[in-house]
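Remarks on the structure that follows.
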Amino acid sequence: MKLYLFLIKRFLRFKSGFLLSVLAFLSISGIFLGVFALILVTGVMTGFHSEIKSRILSLAPHILVQKFGGEKIENPDSIMSLISEIEGVKEVLPYKVTKTLFKHISNVDGGLVRGVPQKDFPLYNKLEKSILEGEFSLKEGEILLGSFLAYRLKAEPGDTIMLVIPFEKKVSPIFFPVRLKKFVVRGIFDLGYYEYNASFAFISLKEFDRVLKDASPLIEVVLSDPYKAQDAKNKLEKVLRYPFYTVTWIEMNRSLFSALKLEKLAMFLILTILIFVASFMISGNLFVLMAKKTREIGVLMSMGFRKRDVFTIFLLEGILLGSIGILLGTFFGSLFGFVAGKYRIIKLPPDVYFIDYMPVLINLRDVLLIIISAYIIVFISSFIPALKASRMVPREALRYE
C-alpha cells in the first residue's frame with residue numbers, strides 16, 4: 001500500500017504538465033460544485049417539507065371526523081367520548097368553522113371563522129406567539145384577524161368589523177336571510193402560512209357557540225403522535241363505522257406532500273447527472289495521465305508489476321481526485337445550508353411559497369446518500385481508464401524509449 005501511495009503521489013504531481021494540472025483542478029471543481037449543489041438543494045427541499053409539515057400540524061386537525069353528505073352529527077358528546085377511549089388519542093374536541101363575509105367600513109372580503117378551543121391546545125399556543133399587532137385576547141365580542149385579511153379589510157386593532165352570517169335552515173330560492181354580528185379586532189396574527197393569514201379569523205369556542213348556534217360541528221381528534229395518523233384512522237373507522245368517515249392531516253394535504261416529494265426526487269436526479277458529467281473530467285485526466293506516463297508504466301510492468309497493480313493505482317488516483325471534490329462539497333454545502341437555515345438568510349414571497357423564508361434542513365441520511373452516489377459515479381468514471389492502463393503491453397510501452 002505504501003508503494004501505491006508513493007506512485008500515486010508521483011503521478012499526480014502538478015510538475016507532470018500543465019494539462020494534467022488543469023484537468024485535475026477541473027475534475028475536483030466539477031465534483032465539488034455538483035455535491036455542493038446537491039446537498040444544498042436537497043436540504044432546501046427537506047426543509048420545505050419539514051417546515052410545512054410542522055406548520056400544518058400546529059394549525060390543522062390531526063384527524064377530522066364527519067358524516068357522509070355533510071349531515072349534522074347527532075349526540076356529538078357520546079361520539080367524542082367513544083373516540084377518546086381509542087389508543088393514541090390525546091384529546092377530542094368539536095371542530096367548528098364556517099364561511100362568512102367580513103365587512104369593515106366599505107371593505108368586504110370572504111373568509112373563514114373558526115372557534116379556538118381552550119389553552120394548551122396547539123392552535124391556541126401558536127396564535128398566542130404569532131400576534132403582529134394588538135394583543136392576544138379572545139373574550140366575548142373579540143376577534144383575531146390574519147395579517148393579509150386585515151390588510152385587505154384595512155382593519156387595525158381596536159376597529160369594529162361586521163360578520164355577515166347566513167341562516168343555514170331558512171334558505172329559499174328567493175330569500176337568503178343573514179345575520180350581522182359585530183366584533184372588535186383585538187389582534188392581527190401571522191402564522192407563517194399564507195392560506196391562514198389570508199382567509200382565517202379566530203374567535204373563542206364559547207363565542208362561536210353563542211353566535212353560530214346553527215353551525216354543524218365536526219369532531220377534531222388530537223393524537224399523541226400525529227405521524228401515526230393512519231393507524232389511528234383505521235382504529236376510528238372500526239369503532240365508528242358508516243355513516244362516519246375520517247380524514248387525516250396527511251390526506252388533507254396529500255397533493256402538496258406528493259408534489260414536494262416528486263420535486264425533491266427530480267432535483268436529486270438532475271443534480272446527480274451533473275456530478276456524472278463532472279466525473280468525465282476524471283476519466284479525461286486519467287487518460288491523459290496514462291498517455292504521459294506510458295514509459296513509467298512500461299518500466300514498472302517490466303520490473304514485475306502486475307496488471308492488477310496498475311489497475312489499482314489508476315483507480316485509486318481517480319477516487320482520490322473525486323474524494324477531494326466530494327469532501328469539500330459535503331463540508332461547504334452542509335456549512336452553507338446550516339447557516340442559511342439557522343439565520344433565515346434567503347427571504348421568499350409568502351403568497352407563492354406558503355412561508356416567508358427559505359428553510360434549509362441538512363439531513364444526515366440525505367448527505368450519506370449523496371456521498372455514496374457520488375463515490376459510485378467516481379468509481380465508474382475511474383474504472384474504464386484504469387482498466388485500459390492495466391492492459392498496456394510493456395514491450396509496446398517501451399518500444400520507442
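Side chains are part of it too, since the values below use all heavy atoms of this structure and drop only hydrogens, waters and symmetry mates.
The two residues Ile161 and His104 come nearest to each other via the heavy atoms CG2-CB, 3.9 Å. Closest approach of Ser283 and Ser381 over heavy atoms only: OG-O, 2.5 Å. Nearest heavy atom pair, residue Leu101 against residue Gly110, reads CD2-CA, 3.9 Å. Across Phe208 and Arg114, no two heavy atoms sit closer than the pair CD1-C, 4.2 Å. Taking both residues in full, the closest heavy atoms of Phe148 and Ala198 are given as CB-CA, 3.7 Å, listed atom of the first, atom of the second, then distance.
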Report the C-alpha distance between Ile370 and Phe268 in whole Å, list the side-chain angles of each, state the deciding distance to 0.1 Å, and finish with yes or no for side chain to side chain contact (heavy atoms under 4.5 Å, CB included).
-> CA-CA 9 Å; Ile370 291 168; Phe268 180 85; 3.9 Å; yes
Val113/Phe200 under side chain to side chain contact (heavy atoms under 4.5 Å, CB included): CA gap, chis, key distance, verdict = CA-CA 6 Å; Val113 177; Phe200 265 82; over 6 Å; no
In sequence, state the C-alpha distance, the side-chain angles, and the governing distance for Leu236 and Ile83, and then conclude on side chain to side chain contact (heavy atoms under 4.5 Å, CB included).
-> CA-CA 7 Å; Leu236 281 169; Ile83 294 172; 3.5 Å; yes
Might you work through the side chain to side chain contact (heavy atoms under 4.5 Å, CB included) test for Thr160 and Phe183, ending with a clear yes or no?
-> CA-CA 6 Å; Thr160 299; Phe183 284 88; over 6 Å; no
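How far CG of Asp231 is from OG1 of Thr248: 11.0 Å, rounded to the nearest 0.5 Å. Between atom NZ of residue Lys182 and atom CG of residue Leu163 there is a gap of 12.5 Å, rounded to the nearest 0.5 Å. Note: Ile188 CD1 to Ile143 CD1 = 11.5 Å, rounded to the nearest 0.5 Å. A distance of 6.0 Å separates CD1 of Ile324 from CG of Leu321, quoted to the nearest 0.5 Å. The distance from atom CZ of Arg186 to atom CG of Leu138, rounded to the nearest 0.5 Å, is 10.5 Å. Note that NZ of Lys126 is 10.5 Å distant from CG of Leu57, once rounded to the nearest 0.5 Å.
Remark: Glu140 does not engage Lys206 in a salt bridge, criterion side-chain N to carboxylate O under 4.0 Å. Between Lys139 and Glu142, none of the side-chain N atoms (NZ, or NE/NH1/NH2) sits under 4.0 Å from a carboxylate O, so this pair counts as no salt bridge.
Judged by distance alone, the side chain of Asn234 and the main-chain N or O of Gln230 form a donor-acceptor pair under 3.5 Å. A donor-acceptor contact shorter than 3.5 Å links the side chain of Ser84 to the backbone of Ser81. Although no hydrogens or angles enter the test, the distance criterion places no donor-acceptor pair under 3.5 Å between the side chain of Arg152 and the main chain of Asn107. The main-chain N or O of Tyr196 is never found under 3.5 Å from a side-chain atom of Ser199 such that the two would form a donor-acceptor pair.
The salt bridge (charged side-chain N to carboxylate O under 4.0 Å, His left out) contacts involving residues 153-162 comprise nothing, where partners must be two or more places apart or lie in separate chains. Under the salt bridge (charged side-chain N to carboxylate O under 4.0 Å, His left out) criterion, no residue pair touches residues 21-41, with sequence neighbours excluded.
Of the N and O atoms on the side chains of Thr246 and Glu237, at least one donor lies less than 3.5 Å from an acceptor on the other residue.
Aromatic ring centres of Phe136 and Phe189 lie farther apart than the 6.0 Å criterion allows.
Looking at Leu153 and Leu149, their side chains come closer than 4.5 Å, going by heavy atoms from C-beta outward. When side chains are defined from C-beta on, Ile326 counts as touching Tyr375, because their heavy atoms get closer than 4.5 Å. No side-chain heavy atom of Glu220 sits less than 4.5 Å from a side-chain heavy atom of Ile63. Contact of the Ile219 side chain with the Ile79 side chain is registered, since non-hydrogen atoms from C-beta on lie closer than 4.5 Å. Looking at Leu218 and Val65, their side chains never come closer than 4.5 Å, going by heavy atoms from C-beta outward. Put simply, the side chain of Val367 reaches to within 4.5 Å of the side chain of Ile362, judged on heavy atoms. Gln66 places a side-chain heavy atom less than 4.5 Å from the side chain of Leu64. Ser373 places a side-chain heavy atom less than 4.5 Å from the side chain of Leu369.
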Could you tabulate the donor-acceptor pairs under 3.5 Å formed by side-chain atoms of residues 221-228, not counting sequence neighbours?
residue	atom	partner	partner atom	Å
Asp225	OD1	Tyr227	N	3.1

For residues 333-345, which side-chain donor-acceptor pairs fall under 3.5 Å, sequence neighbours excluded?
residue	atom	partner	partner atom	Å
Ser334	OG	Thr330	O	2.7

Using residues 22-36 as the side-chain source, report each donor-acceptor pair under 3.5 Å to any protein atom, sequence neighbours left out, with the distance given to one decimal.
residue	atom	partner	partner atom	Å
Ser27	OG	Leu23	O	2.6
Ser27	OG	Met281	O	3.0
Ser27	OG	Ile282	N	3.4
Ser29	OG	Phe25	O	2.8

Tabulate below the donor-acceptor pairs under 3.5 Å that side-chain atoms of residues 40-48 make, not counting sequence neighbours, or state none.
residue	atom	partner	partner atom	Å
Thr42	OG1	Leu38	O	2.6
Thr46	OG1	Thr42	O	2.8
Thr46	OG1	Lys264	NZ	2.9
Thr46	OG1	Asp366	OD2	3.0

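For Phe280, the CZ atom is densely surrounded, since the number of other residues' heavy atoms within 6.0 Å is greater than 12. Heavy atoms of other residues, nucleotides or ligands lying less than 6.0 angstrom from CZ of Phe332 number 12 at most. Counting non-hydrogen atoms of neighbouring residues, nucleotides and ligands closer than 6.0 angstrom, the CZ atom of Phe276 reaches no more than 12 such neighbours.
Using the six-membered ring where Trp is involved, Phe383 and Phe311 have ring planes that are perpendicular, over 60° apart on the 30 and 60° scheme.
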